[in-house]
Structures are given as structure tokens and as C-alpha cells.
Colleague: 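One structure coming up, written as C-alpha cells, with questions to follow.
Note that the coordinates shown come from a computational prediction; the quantities given were computed from them, not determined experimentally. Every chain is numbered from 1 and lettered A, B, ... according to where its sequence line falls, protein lines coming before strand lines.
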Number of protein chains: 2
Amino acid sequence: MAFDLERPFKFSETSVRQCLPSQLKPKPPVSELGFGTQFTDHMLRVEYDVDKGGWQSPLIVPLEPLTLHPAAKGLHYALQLFEGMKAYRGVDGRIRVFRPDLNMARMNNSALRISLPQFDGEELLKCIKKLVSLDREWVPISETASLYIRPTLVATDPVLGVNAPSSALLYVILSPVGPYFQTMKALTLLAEPNYVRAWPGGSGSTKVGANYGPTIYVQSVAKEVGAHQILWLFGENHAVTEAGAMNVFCVFINDKGRIELSTPPLNGLILPGVTRASILDLAREWNEFDVSERFLTMSDIVKLRSENRLLEFFGSGTAVLVNPVERLIYNNQVIDIPTMDQPDPIFLRLLRTLTDIQYGRLKHPWAEEID
Amino acid sequence: MAFDLERPFKFSETSVRQCLPSQLKPKPPVSELGFGTQFTDHMLRVEYDVDKGGWQSPLIVPLEPLTLHPAAKGLHYALQLFEGMKAYRGVDGRIRVFRPDLNMARMNNSALRISLPQFDGEELLKCIKKLVSLDREWVPISETASLYIRPTLVATDPVLGVNAPSSALLYVILSPVGPYFQTMKALTLLAEPNYVRAWPGGSGSTKVGANYGPTIYVQSVAKEVGAHQILWLFGENHAVTEAGAMNVFCVFINDKGRIELSTPPLNGLILPGVTRASILDLAREWNEFDVSERFLTMSDIVKLRSENRLLEFFGSGTAVLVNPVERLIYNNQVIDIPTMDQPDPIFLRLLRTLTDIQYGRLKHPWAEEID
């Protein structure tokens with residue numbers, strides 16, 4: 001491999017070039033935050049160049065445009081990956097990130113799959129914490145908003161051959177965000193078997209750009225029938241896999257007459273979401289209902305609904321956290337799901353517990369404080 | 001759709017800002033040309049911005065770095081596509097491009113699939129011809145080299161939501177190239193069923209970046225066993241689909257005892273190659289052997305070989321044109337193919353005919369002269 005870690009990068013080498021006070025941008029009011037439309041004052045940059053021995057020293061600099069050769073491989077062959085994390089300002093005023101080690105591990109898995117250089121995740125995490133600390137005034141004072149952290153890695157070498165890049169740029173930008181969907185509302189999903197998000201032997205279990213671009217056209221198909229997102233199916237039996245860019249969960253009465261919380265297993269088609277893992281961990285710790293990782297088919301869903309055994313359906317992800325689903329459209333039929341009618345819904349309990357941890361209302365080792 | 005052609009762009013609006021004579025770079029000798037490592041003096045840029053009404057006027061400018069916001073969607077979600085074309089300097093000194101209308105049509109198909117704005121292909125082609133004409137001294141004086149033309153379209157709007165972009169940049173760069181593989185030699189391919197290039201309901205029939213990046217890791221698997229490229233298979237019966245980034249052709253004695261030239265059909269998994277289409281057109285015009293578009297499985301290949309009915313195997317594409325294959329590795333077994341042992345191989349006749357057209361030795365409507 002071209003990407004032995006000849007030269008790793010270390011947080012201790014980081015140089016910081018701060019904005020002048022006159023360059024600092026005004027912070028937007030929480031009520032005006034969208035998703036990923038505004039960015040903070042600084043960014044992190046780490047260059048990789050085989051000709052210079054590998055990774056170069058990290059730089060924290062004022063947010064600035066990238067200057068790329070028009071032949072840069074990242075613009076032609078989707079040699080690019082990203083991560084999504086958030087920093088939360090707790091009720092105690094302290095800033096926390098949520099299980100960032102999982103993002104670092106996943107980012108390295110994505111890098112391997114898309115032929116970009118790997119790195120020491122602990123060192124990148126220290127750099128990210130430093131960046132967030134420098135732009136800490138951008139972390140919204142709000143229990144529904146947060147500072148979205150977007151690490152990105154993209155190939156930069158200006159060579160048109162379809163092969164592994166010899167140079168790349170890792171960068172991190174920060175964006176104060178409100179809820180991903182403008183108002184927290186239950187979603188309608190279109191289960192559309194004619195488009196497929198991921199395939200065995202593909203890259204569906206990593207967070208590479210290539211998994212996202214081709215889905216946007218399909219979103220427009222969903223919009224045409226009044227749905228918010230696509231429910232991605234796989235295989236002849238229409239197994240449920242993901243929704244939009246979220247993992248999915250279903251709550252139902254299983255054949256043993258017990259309540260079961262279920263999500264698809266990590267078989268290579270499913271993104272290993274940090275929120276997904278945390279939901280499974282919490283639910284197993286509670287030990288109050290069955291928890292499973294298995295595929296449900298659309299036939300299973302239809303049957304459960306017809307027998308009044310389908311209780312809840314929801315998506316999860318860093319951007320949305322937990323988002324209820326109240327309706328599926330499948331084969332031109334509407335399947336209403338009583339997610340919002342449950343007296344004590346599991347999705348809401350999970351949402352509350354996760355936000356309690358993230359906003360410091362509940363002390364938990366998953367929440368790491370930033371100095 | 002956001003991308004009605006509110007405002008198309010037209011060649012007649014093109015502005016040209018030429019390099020100063022002192023900025024012109026020296027042209028490399030033909031013997032030192034690689035593939036896509038050197039670029040000419042000028043580039044074409046056309047911006048698209050919903051807020052400005054759609055497409056802006058084309059600009060031909062000195063080759064310059066792109067300045068992109070680090071949140072530009074093209075760097076995160078593989079909202080990008082490209083084309084590959086070539087300009088050839090003929091034996092008569094005139095410069096020609098080969099069936100460029102097919103590239104323009106495919107580029108618009110790619111744009112639709114990856115949610116980028118469509119455009120009038122005839123207008124873009126006029127702009128490209130103007131660009132090539134301006135940099136005509138870069139078209140190598142050689143019957144094995146050419147000027148590779150790389151149109152690219154990438155989303156530029158700095159918004160992290162996974163949805164259709166409101167701004168994009170179409171640009172074209174030019175690179176003098178030698179043969180794609182350093183020496184024209186017969187290839188060894190690894191038929192590897194554990195990785196998949198494309199699937200039904202995906203984007204495999206369009207030229208979007210997302211189809212290329214994830215294949216590079218798999219190339220390294222091929223290299224490990226001494227193969228040059230991957231032979232992409234699909235389905236439980238291991239149907240042969242493509243090789244590396246090439247279409248594939250097989251020549252064999254069919255069940256009727258006749259020679260047959262066969263390539264996979266355009267069922268959504270296969271890139272509709274311009275060279276592929278031209279090979280089919282030529283072979284059908286010759287009408288000397290059977291020509292088919294159908295899938296062959298690896299079992300078919302093994303059986304044909306064991307019965308001494310397998311004659312030739314080759315890849316096709318704009319970069320390689322026609323490249324013979326002499327060996328497949330499949331299930332740890334080697335399948336030798338006598339492509340190079342045929343007395344009058346079809347691949348070579350096709351290669352000669354195509355290059356005769358491209359280099360002006362044979363007058364043909366597929367070759368369009370550039371003034």
C-alpha cells in the first residue's frame with residue numbers, strides 16, 4: 001500500500017493562526033440556524049503528500065477557500081469521505097462531544113475503503129477539540145441546537161489516472177446548526193424498490209461521498225409523492241435497510257408477544273451509525289424489551305401493521321438524532337404507523353436520554369468535555 | 001426540478017482571456033507523455049447559479065486553480081461527474097474529435113442522475129472545440145498520442161444538507177497523453193466476485209465520480225495477485241460486466257459454429273462507452289461474423305476455453321481505445337486466452353480502423369474536424 005503511515009501527524013505539532021478580532025464574524029441567533037449553511041471563524045487543515053513523506057503538521061487557520069488544481073482526483077473520482085459529529089453546550093455551560101472515538105474509527109475505515117491515507121484518530125480528535133475550543137463562542141446556548149463538526153478528507157493530486165492519490169487534504173469545518181429538519185415532525189417515507197443505496201461488495205458501510213450523491217435524485221422521487229425521504233430497500237424480498245441518510249429502527253410486538261426494538265444488522269449494507277450503536281447500547285442496558293439486529297422485510301412490516309403489532313418506526317443519525325416516522329408509502333399504498341400515538345414511546349425516551357447525556361443533564365462517559 | 005434550463009449558456013457568449021506569451025508553458029516531448037499528468041495553457045469555465053438565473057456565460061481563461069468553499073457539496077457528497085474525449089492530430093495535420101455528440105449526451109444523462117444542472121450539449125461542444133483550437137499546439141504530432149479532453153461538472157454550493165445543489169461549476173481541461181498503459185500489452189484481469197462495481201437501481205450506467213473511487217481499493221486486490229485490473233462480475237452466476245474502467249468484448253465460436261463478437265448489454269450496469277458503440281457499429285457494418293449484446297458468465301468463459309472456442313478477449317474505452325486481454329484469474333485458477341495468438345485478430349482490426357478514422361487516414365463522419 002502507498003499509505004503506510006510513513007509520517008503520521010501529531011496534535012503537538014499544530015500551528016494556530018487566529019483571525020484578527022476585526023475578522024471575527026457575528027454569531028447568528030439560534031432561531032435563524034439552518035443545517036450547515038453558516039460556518040465558524042476557523043478551520044483545521046492537515047495535508048498529506050507522499051513526496052513530503054506523508055502527513056504534514058496540522059494547521060488551525062481562519063476559514064478560507066480551498067485552492068485545488070482542476071485535475072484534483074477528489075473532484076473527478078469521488079476520492080473523498082466525511083464524518084459528522086456535534087459539540088453541545090451543556091446546561092452547565094460546558095461543551096461536550098459525543099463518543100468521538102467512534103467517528104475517528106469510522107473515518108479511518110472510510111479512508112481504507114476509498115484509498116485515502118489513514119491517520120491516528122486520537123491525534124485528530126485532539127486537533128478537533130482544540131479547534132472547537134478556539135471557536136467555542138459558536139457553540140449555541142440552546143438545548144436543541146449544537147455545533148456540527150464536519151471532518152473531510154479529499155484527494156488533491158492533479159493526475160487523471162484512476163488510481164490511489166499521492167496527496168490529500170484533511171480538513172475540519174464547524175457549523176452552528178438547529179434541528180436537521182426545520183421542525184421536529186414525524187416523517188413520511190417512500191419505500192421505493194427501484195433504486196438501491198448500497199450493495200454487497202460496494203461501499204455502503206463507510207461514510208464516503210459516493211454513497212450520498214446518487215441518492216439525491218431518488219429523494220426527488222420521494223418528494224413527488226409527498227414523502228420526506230426514501231426508505232431504502234434491498235433484495236427481492238424488499239428488506240428495509242436505511243432511510244434517507246439515517247439508520248432505521250422499528251418497535252413491534254414480536255412472535256413471543258414481547259415488545260422488540262429492531263434495527264438492520266451491520267452486514268456491509270448499513271452505515272454503522274454512532275447514534276445507532278448508542279440506541280442499541282442504551283436499550284440493552286435498560287433490559288426492558290427485546291433488542292435485535294435483524295432485517296425486516298416490507299411484508300413483515302405490512303403484516304405487523306395489519307395485526308396491530310407495529311408500534312413505532314424511527315430514524316437515527318448525528319444530524320437528526322432520533323426522528324419519528326409516521327407513514328410509509330409502498331406499492332402506492334399508505335401504511336400508517338402509530339409512532340406518535342404511543343403513551344410512552346421508546347423513541348422519545350431514547351431521544352431524551354441521548355440529549356440528557358449530550359447536554360450534560362446526565363453524567364455519562366459517552367460525553368467528553370472540551371476544555 | 002430545480003434545474004429547468006431557466007438560463008442556458010451559449011457558445012456565442014464566450015469570453016476568451018488568453019495567456020500572455022510569457023505564460024505559455026513548453027510542450028512536453030511525445031516520448032515523455034503519461035496519462036493526465038500535464039495540462040495545457042487554457043481551460044473552459046461555465047458557472048451555474050440558481051440565484052443568478054442559471055448558467056452564466058462561458059469563459060476561456062488561463063489554466064488556474066479552482067477556489068472552492070470547504071463546504072462545497074462536490075467535495076462531500078460526490079456531486080460530480082466527468083467525461084473523457086480526445087482530439088487527434090491527423091496524418092494530414094488536421095485536428096479531429098471522435099463522435100463528441102455521444103459524450104455530450106452521456107454527460108447530460110450523468111448530470112440528471114447525480115442532480116447536477118443539464119445544459120445544451122451542442123453549445124458545450126462548440127466551446128470545447130474553441131478551447132482545443134486555442135491550445136492546438138498541444139495536440140501531439142503522433143499517431144499513438146492525443147490530447148485528452150476532460151469535461152467536469154461539480155457542485156459548488158457551500159451547504160452541508162444532502163440535497164440538490166444551487167450552484168455548480170462546469171469546466172474543461174486538456175492534457176496531452178500517450179497510451180493509457182505505458183506499453184500496449186495484453187492484460188491480466190482478476191475476476192473477483194467479492195466486490196461489485198454497479199448494481200440495479202444504482203448509477204453504474206452514468207459517468208459519475210461515485211462509480212470510480214470505490215473501485216481503486218479493489219484494484220489493489222488485483223495488483224496483489226499480479227493482475228493489472230479487475231474483471232467486474234455481477235450476480236450469483238458471475239456474469240462478466242466490465243474490466244477496470246473499460247467495457248469488455250469477447251470473441252468466440254458460438255453454438256452455431258460461427259465466430260461471435262459479444263459485449264454485455266446496456267441494462268443499467270454497463271457504461272455506454274463511445275468506443276463500445278463504435279465497435280458494435282463497425283462490426284455490424286462489416287457483417288462478417290455474429291455480433292451480440294448479451295451477458296457471458298464465468299462458467300461460459302471457462303467452458304468456451306475448455307472447448308478451445310474462446311478466441312479473443314479485450315477491453316475498450318476512450319483512454320485505452322482497444323486493449324487485448326490474455327489472462328483471467330478466477331477462483332485461484334488461471335484462464336489463458338489466446339487473444340495474441342490469432343492470425344488476424346478482430347481486436348487489432350478494430351483498433352486499426354478506429355485509429356485510421358481518428359488520425360484521418362480514413363475519412364469517416366465520426367471524425368469531426370476542428371478549425
Colleague: Quick check for you: to the nearest 0.5 Å, what is the distance between A:Leu79 atom CG and B:Gln80 atom CD?
Modeller: 8.5 Å
Colleague: Evaluate the side-chain proximity of A:Phe35 to B:Val162: yes if any heavy-atom separation is below 4.5 Å, no if none is.
Modeller: no
Colleague: Has A:Trp199 got a side-chain atom pairing as donor or acceptor with B:Val196's backbone, closer than 3.5 angstrom?
Modeller: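 No; judged by distance alone, with no hydrogens or angles, the pair does not exist.
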Colleague: Using non-hydrogen atoms only, which part of B:Leu63 is less than 4.5 Å away from chain A: side chain, backbone, both, or neither?
Modeller: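 When you check distances to chain A, only side chain atoms of B:Leu63 fall under 4.5 Å.
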Colleague: Relative to chain B, which of A:His69, A:Gln38, A:Lys73 shows the most heavy atom pairs under 4.5 Å?
Modeller: A:His69
Colleague: Step by step, work out the side chain to side chain contact (heavy atoms under 4.5 Å, CB included) result for B:Ile114 and A:Tyr217.
Modeller: CA-CA 6 Å; B:Ile114 204 72; A:Tyr217 171 78; over 6 Å; no
Colleague: Of all of B:Gly74, B:Ala210, B:Pro214, B:Ala155, which one pairs up most often with chain A through heavy atoms under 4.5 Å apart?
Modeller: B:Pro214
Colleague: Does the plane of the ring in B:Tyr77 sit parallel, tilted or perpendicular to the ring in A:Phe82? Use 30° and 60° as the thresholds.
Modeller: perpendicular
Colleague: A:Val159 versus chain B, heavy atoms under 4.5 Å apart: side chain, backbone, both or neither?
Modeller: both
Colleague: Quick check on the interface: out of B:Ala198, B:Ala245, B:Pro158, who has the most heavy-atom pairs with chain A under 4.5 Å?
Modeller: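 Going by pairs under 4.5 Å, I would pick B:Pro158.
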Colleague: How close do A:Ile216 and B:Ser115 get, counting heavy atoms only, and between which atoms?
Modeller: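 In this case the closest contact between A:Ile216 and B:Ser115 is CG2-OG, 3.4 Å.
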Colleague: What part of A:Ala72 is in contact with chain B, defined as an atom under 4.5 angstrom from a non-hydrogen atom: side chain, backbone, both or neither?
Modeller: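 Looking at A:Ala72, nothing touches chain B.
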Colleague: If you measure from CG on A:Asn163 to CD on B:Gln219, what distance do you get to the nearest 0.5 Å?
Modeller: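 These two atoms lie 6.5 Å from each other.
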Colleague: What residues of residues 200-209 of chain A sit under 4.5 Å from chain B when you count only heavy atoms?
Modeller: A:Pro200, A:Gly201, A:Gly202, A:Ser203, A:Gly209
Colleague: If I take atom OH from residue A:Tyr171 and atom CG from residue B:Leu75, how far apart are they, to the nearest 0.5 angstrom?
Modeller: 4.5 Å
Colleague: Between CD of A:Glu64 and OG1 of B:Thr67, what distance do you get to the nearest 0.5 Å?
Modeller: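 Interatomic distance, A:Glu64 CD to B:Thr67 OG1, rounded to 0.5 Å: 11.0 Å.
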Colleague: Please identify, among A:His76, A:Glu192, A:Met43, the residue contributing the most non-hydrogen atom pairs under 4.5 Å to chain B.
Modeller: A:His76
Colleague: As an exercise: rank B:Val154, B:Leu81, B:Val177, B:Thr152 by heavy-atom pairs under 4.5 Å with chain A and give me the winner.
Modeller: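 Highest number of pairs under 4.5 Å: B:Thr152.
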Colleague: Heavy-atom distance under 4.5 Å to chain B: side chain of A:Arg113, backbone, both or neither?
Modeller: both
Colleague: Nearest 0.5 angstrom please: B:Asp157 CG to A:Thr37 OG1, how far?
Modeller: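 With rounding to 0.5 Å, CG (B:Asp157) is 11.0 Å from OG1 (A:Thr37).
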